[in-house]
Amino acid sequence: MSQPTAYDPRSVEHDLYRRWESSGFFNPDTLLGKRAKAFSIAMPPPNVTGDLHIGHALTIALEDLMIRHARMNGQAALWVPGTDHAGIATQIKVERMLEETGTSRHEIGREVFLKHVWQWKERYGDTITKQIRAMGASCDWSRERFTMDEGLTEAVQAAFVKLYDDGLIYRAKRLINWCPNDQTALSDLEVRHEERAGSLWYINYRVKKSSHSITVATTRPETLLGDTAVAVNPKDTRYKALVGKRVIVPIVDREVPIVADARVEMDFGTGAVKVTPAHDLLDAEIAKTHGLHAIRVIGPDGTMTEKAGRDLAGLPVHEARVLIVEALDRDGLLEKTEDYRSNVAVCDRCSTHIEPQESDQWFVNMAPLAKPASAAVRSGKIRIVPKRFEKVYFHWLENIQDWCVSRQLWWGHRIPVWYCGGPKVKRMGFSASVAPRLKHGKVTTWRIRDHHFNVGDTVTFIHSGTGKFTGQGTITDIDRTAVRQLPLTDPTHHQGRWTLAHAIRRIQSHYPDRKVTPDTEAWVYRYRYTAPRTARNGCGEVIVSHTQPTRCPTCSGKTFVQDEDVLDTWFSSGLWTFSTLGWPNNQKGRVKRGDLKRFHPTSVMETGWDILFFWVARMVMLSLYFTGEVPFRTVYLNGLILDDEGKKMSKSKGTGIDPLVMTEKYGTDAMRLALVIGQSAGQDFKMNEQKIAGMRNFVNKLWNIGNYVTGIGNGESGIAERSRSTTHHPPPTTPTDRWILSRLSAVTEEATDAIQRFDFSAAGQRLLDFAWHEFADWYLEIHKAERNDALLREVFDVLLRLLHPFAPFVTEQLWQQLRARRKNEFLMLAAWPQPGRRSTVDEKRFAEFRATVAALRNFRMHSGHKPHEIGHVVPGNHTRAWLTLYERLGHVSLQGTAREGSRIGLGYASFHFPAARVKAYESWKKKERLGLTQYLKRLDAQLKNTKLPDHVRKQVEAKRDDVLRRQKEL
RNA sequence: GGGGAAGUAGCUCAGUUGGUUAGAGCGCUUCGUUUACACCGAAGAGGCCAGGGGUUCGAUUCCUCUCUUCCCCACCA
């Protein structure tokens, strides 16, 4: 009976994982032994939206490596898995799904929508956890958490209430980052800056009661409608005389002052800047200093407001811009236009241009939290690997801005705030407009881009922001709106927008006689939802509490309405290390008592550097605040995985490597090895299929080594049980024994050390190199001559232990075979090897022999000998080669094959070669000698240095002797 | 504007305090199917360590400048 020669991961992985998991040993509570020392990792929770990508695979590989190493090392290893609800990301996905089925979240309402999301979560959350299992993650599933499960929701509420009670959370009306597409506020971190091509317009503002004018440069001419000042730098001599004068804002003819402010750059543009406090963060600050008011001309949906004037109201900004520039040009106020590339703020998620909007939001005051977070790293309580990220971390914390934590979404932790007196719905409605509003008076037809519209036409609604098709409708009225003021009664829509698909359905349900057909094509440029007008019947008192209040302390009112908004996803993530372990108060018995005390702070936080601010820093701040402890002792920041072009792998671009496909194709171990060995801390790296294939080859090599080792004896004999501190080897008897044990000790020491230094790549590389090029290539071949079965099995056993954290499946499988499957015995639980004694004498002796053999083989190739012509030293035929090794190490002189011809000596061996081959050999020898001569020259030059330190001189001299000896031999 | 990383073999990358003839994997060339493995074995070819200058007895390694690439942060309209 012969084993299959190629390793088939699929036939072992699934079954093995099942056995591991059902053994219960992923849970530290059931691990055997004292295990006084705890080692814990909180798994960065993947989003419940969709599949595991290659970055997750890396994280799992690294964390599993650490956990398995710790477990073998006798520690109570706990790895807490979980998933993240991922607010916006998930909501958008579910919305998209609803759109496909022809409905929308607004139509079905908040409650029903959330039911859909939960269903989605169940489905995808399940997929994710299956995939994590497929990666071989030895995490404790009995402690699995979800950011929106009951316990964590409790933690989130408790955290919010405490921060509020301590005065660190406040509500404020502020200019915030607003995404017109997602219709929600965003934190500063969720805004990306992108360089985009645009123009710089130079616009003249007439100075009042003067023939002068002042020219401002702007990239956003449409905002001039909301200008309330022009600002210049106080040091700017060009404008000194103008400060305090008033200018006329073009088009709207508003009189505004010229103010002096040091924040204005003199060198940019004309040195004069228009101030639009409602739509620019810097302008808002200038306005604050100078007491200017704000005029909001752009609405939350990214279109111009009524304040922008009758002619422009309702137009998307980019269209308004065109009309404004035209108007300026017509009036001769446009000085010039330049091409200009500028950094624009865009939504990190959907790349929509961010429109700063003033609105009521909840903020966390970060400065008091940042200081201790900074100190924790400075004092060494937290170590960041690699260290260079500390600087970035400090810089961010020192310049921290308050964190806008409210989001205008439905999916997430509802903000635990109640307002006394509920909103009373009076009237709701929406309108859809199809024309630029530059016309006045009664019109009966519109013309847009050569299309004429008439009553009765069916129009296709296309969202002006995204360009997506949203539905069809019939024009019912030629006025300013196509459809207007349909009565709507659903009170849950307080913000956000209606989709047109929904609008159309409304039309149909209210006016069943109207036909909506999809064939007439036209465009509707905008639609709009008018927010409900509300009237409170309470006092509006704000009550922050995790439960709904029953009685208002101010007015005794009994009606309360909870804040509609939810919290930023990262708010709950920030609590992850301790909320998963039971904070606060064991979460009403849902979590094992004592977990928090035992496993927190966690040992290591392993994640990508790209979420250092989003997540890592916030965890430090929140953990220190709520538990008084750091969340983790070490932060290991892994690099990002890049595609072959050096770009971050992206699923949408199709450049990503799918870890599940790779696992299927090459096995989990191969992929994990490729990831772990490919990366080094904080350093981005390229990944491709070829690398994984290379590791598959290694896994297969290991498998075949295993086949050989298990084949040599049948099971039982050999390996005795060993406690973890004393891995005693059978007494070495031969030089070969001493050599391999010495090498094993070396690799054990180096690999262990590298793991402790978080240099997983070096550890893996070292083990791989040993397994393949020392153990398999040389020792296994020696074994064929020496037949020390016990030692072979022993060394292999240790090797499997060392490799287990890197390639858990194949090593476990082989180990089970090696031990003839004793029940409930797992390599996963075996003791991590301790290094034994080194033997430099035997290592050196081996090195010499290896060099001898290599030289013989080299000569064979260069002289053109066929293998059989040389006899003992035959490439590939290690068995016989190793007979010679054995003889050498045993101090027996080596015998060559006697043939006719010249005799040559190589090191310790002497051989006779056929005369016909000697010529070829001579040319090879000449080349070799040349190399040695050059080397000798270099060494001599070094020796001439009078300042050469003694220890170096000694080394050089030894080398010189060696070269001379080799030269002589040639 | 501030900060960071990188430039080593055709490709992807190691190279730990300055001191062997700078390494590995993949690819390439040649040889070999001998019972663990062709997802293999053996022997090779291939590097002014981006470039200039400096420190040193000695620099891929330390300093400095230049060039090139990438990334992060930031309210120059």
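Protein chains get the first letters and strands the later ones, always in sequence-line order, with residue 1 at the start of each.
- Using a 4.0 Å heavy-atom distance criterion, A:R388 is classed as a sugar-phosphate-only contact.
- Among the protein residues, A:R938 comes within range of the sugar-phosphate backbone only, with heavy atoms under 4.0 Å from sugar or phosphate atoms but none that close to a base.
- Residue A:E358 qualifies as enclosed at atom CD: its count of foreign heavy atoms under 6.0 Å is above 12.
- Both A:L642 and A:G706 lie close to RNA chain B; mapped to their nearest nucleotides by heavy-atom distance, the more 5′-ward contact belongs to A:L642.
- The residue A:K701 sits close to a base: some heavy atom pair falls under 4.0 Å.
- Annotation: side chain of A:N177 is not in contact with side chain of A:E190 (no heavy-atom distance under 4.5 Å).
- Between the A:S374 side chain and the A:A370 main chain, no donor and acceptor come within less than 3.5 Å of each other.
- Dashed line: the shortest gap from a side-chain N or O of A:H773 to OP1 or OP2 of B:G23 is not under 4.0 Å.
- Contact detail for A:R196 and A:V344: the closest heavy-atom pair is CD-CG2, 3.6 Å.
- We find that CG of A:D777 is positioned 8 Å from C1' of B:G41, with the value rounded to whole Å.
- Here A:K686 reaches the OP1 or OP2 of B:U12: one of its side-chain N or O atoms lies under 4.0 Å away.
- If you check every strand for non-hydrogen atoms under 4.0 Å, A:A776 touches a base.
- Using a 4.0 Å heavy-atom criterion, one finds that A:H279 contacts no nucleic acid atom at all.
- A:Q955 places its CD atom 15 Å from the P atom of B:G18, with the value rounded to the nearest Å.
- Of the residues near RNA chain B, A:Q683 and A:N945, the one whose nearest nucleotide (by heavy atom distance) lies more toward the 5' end is A:Q683.
- Residue-level contact check: A:Q934 touches neither bases nor backbone, having no heavy atom under 4.0 Å from any strand.
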**Asked** Using a cut-off of 4.0 Å between protein heavy atoms and nucleotide atoms, how would you tag nucleotides 72-77 of chain B 5' to 3' with B, S and -?
**Response** -SBBBB
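- Judged by distance alone, the side chains of A:E195 and A:N343 never bring a donor and an acceptor atom under 3.5 Å apart.
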**Prompt:** Which is it for A:K274 and A:T276 under the side-chain hydrogen bond (donor to acceptor under 3.5 Å, both in side chains) test, yes or no, and what are the steps along the way?
**Reply:** CA-CA 7 Å; A:K274 55 195 265 335; A:T276 321; 3.0 Å; yes
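- Looking at heavy-atom distances under 4.0 Å, A:W201 makes no contact with the nucleic acid at all.
- Judged by distance alone, the side chains of A:W609 and A:D684 do bring a donor and an acceptor atom under 3.5 Å apart.
- Nucleic acid contact for A:S680: sugar-phosphate only, since backbone atoms but no base atoms lie under 4.0 Å from a heavy atom of the residue.
- Remark: P of B:U20 and NZ of A:K954 are 18 Å apart, rounded to the nearest angstrom.
- Comparing B:G58 with B:U68, their P atoms are spaced 32 Å from each other, to the whole Å.
- The closest side-chain donor-acceptor pair between A:T668 and A:E13 falls under 3.5 angstrom.
- Counting only Watson-Crick and G-U wobble pairs whose two key distances fall under 3.5 Å, RNA chain B forms stems of three or more stacked pairs at B:1-7 with B:67-73, B:10-13 with B:23-26, B:28-32 with B:40-44, B:50-54 with B:62-66.
- Residue contacts for A:K944: at a heavy-atom cut-off of 4.0 Å it reaches no nucleic acid atom on any strand shown.
- For the P atom pair drawn from B:U61 and B:G54, the interatomic distance equals 14 Å after rounding to whole Å.
- Using P as the reference atom, B:G18 and B:C76 are 42 Å apart when rounded to the nearest Å.
- As judged by a 4.0 angstrom heavy-atom cut-off over every strand, A:I677 is placed among residues making no nucleic acid contact.
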**A:E338/A:Y202 under side-chain hydrogen bond (donor to acceptor under 3.5 Å, both in side chains): CA gap, chis, key distance, verdict** = CA-CA 8 Å; A:E338 287 175 353; A:Y202 290 78; 3.2 Å; yes
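- Rounded to a whole Å, the CE atom of A:M695 is 15 Å from the P atom of B:A24.
- OP1 or OP2 of B:C40 lies within a sub-4.0 Å distance of a side-chain N or O belonging to A:N697.
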